[in-house]
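Report on one structure; see the data block that follows.
The chain is numbered in sequence order, starting from 1. As the structure lists them, so they are numbered: ligands from 1, and atoms in each ligand from 1. These values consider heavy atoms only, across backbone and side chains, with no hydrogens, waters or symmetry-generated copies.
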Amino acid sequence: MKDFAGKITFITGGASGAGLGQAKLFGGLGAKITIVDIRQEAIDKAVAELKSLGIDALGIQMDLTNREQYTAAADKAEKHWGGPPQLLIQTAGVNTFGPAEASTFEDYDWILGVNLHGVINGMVIFVPRMIKAYNIHNGAINKDGGHIGIVSSMGAFDGFSTDAPYSVSKAAVNNLAFSYYDALKPYGIGVTVQCPANINSNIGEAIKTRPAHLQNSGYYTSEGTMNMLKSIHAQGMDPIELAGHLKYSIENGLPLSLPHDPDTSFVRRSLEKVINFASVEGMERVREEERRMAEMMKNMPEGSPFGAPDPKFGPVEVFGQAKADLDWVDDSKKKH
Ligand code: NAI
């Protein structure tokens, strides 16, 4: 897809952060924008901002883990614009951090529910509609049958001790995207999965959208852990710049967008680590790298690659710890 003017566009998580950046960028190029989000207030604010920029925008509140709500939102947008999306961007996502061994079913259900099943819901609801509306069924390649963008994460390429549900969800979403990339070629529908590192967004407050029935968590979270995350994300890439990287990949039909890893060195290191896992010699290299990383972290000013937290976000606490009462978790990993 090269020309975005007039394209019917549907963006999940479009009321904030990366999704709002996409709405501004593609809307600014003349696309017709639907943003869907779980937070009505954020939608109202975002739609007002988009309209003030001259963007043709529709906001719909829904929880993308709820298939009935998702289908109703898809119907509503289709009725409004006169067709299903030509550009579908699945951006909504959530995270929370803690030791893998402290994780509860609810930690997995919430994060996988939004980050993986939300994207699966989008695929199952929209792909048939997009194929029927825009594509040639005789095997010929329609050059512009639409495009599907998905926001994953650099976390897709590695599993860290405190992000098991998140990195699982993102690794799965990458393979989902690559499966659809392959499958949708005959219909001329492109698929791009974007894997960012740090984005200047509101994801540090994601636990505020965690549903009541999935509150049981093994991870320690507080205003302080949220403040710490907010301070870190404030240093992230601007959402409109990030959307520009997605646009480039869509225009060029690239299945993968690596906005923070232009020379692919991070991804290469992650893949190399996995290969090293399979041999005795490889594991020696892995351990050497772990020692090097531990040394580097020790020598980092403020003990973090992000430096001292910005006091404007309020008092901070370390994130990624387990709750104090989990008696099987090592003391060093627990909140005291
Ligand atoms: P954000 O929190 O600013 O935006 C995400 C939006 O998704 C929010 O407006 C939220 O209300 C919405 N949302 C959450 N649960 C939902 C649900 N069940 N149904 C509908 N909407 C829901 O966060 P950000 O950073 O813009 O996140 C966008 C994507 O970027 C996510 O997939 C995230 O995993 C990914 N990402 C973020 C990074 C970061 O540093 N912020 C780094 C790498 C990837």
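- Considering backbone and side-chain atoms together, Thr91 places an N or O closer than 3.5 Å to an N or O of ligand 1.
- Residue Ala18 has at least one N or O atom closer than 3.5 Å to an N or O atom of ligand 1.
- Taking a 6.0 Å sphere around NZ of Lys334, one finds it holds more than 12 heavy atoms contributed by other residues, nucleotides or ligands.
- Among Gly93, Gly17, Gly118, the residue whose heavy atom sits closest to atom 5 (C) of ligand 1 is Gly93.
- Ring-centre distance between Phe10 and Phe126: below the 6.0 Å cut-off.
- Any N or O atom pair closer than 3.5 Å counts here, and Lys170 shares at least one such pair with ligand 1.
- Atom CG of Leu116 and atom OG of Ser169 lie 7.0 Å apart (nearest 0.5 Å).
- At under 3.5 Å, a nitrogen or oxygen of Arg39, whether backbone or side chain, sits near a nitrogen or oxygen of ligand 1.
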What pairs of donor and acceptor atoms, side-chain ones from residues 41-59 against any protein atom, are under 3.5 angstrom apart with sequence neighbours left out?
residue : atom : partner : partner atom : Å
Asp44   : OD1  : Gln40   : NE2          : 2.9
Glu49   : OE2  : Lys24   : NZ           : 2.8
Ser52   : OG   : Glu49   : O            : 2.6

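- Considering backbone and side-chain N/O of Val94, none are found under 3.5 Å from N/O of ligand 1.
- Ligand 1 has a nitrogen or oxygen under 3.5 angstrom from a nitrogen or oxygen of Ala197.
- Compare Ile199, Leu20, Leu229 by their heavy atoms: the one nearest to atom 38 (C) of ligand 1 is in Ile199.
- When the options Ala46, Pro196, Ser152 are ranked by their closest heavy atom to atom 35 (C) of ligand 1, first place goes to Ser152.
- Distances from atom 36 (N) of ligand 1 to the heavy atoms of Trp110, Tyr70, Tyr166 put Tyr166 nearest.
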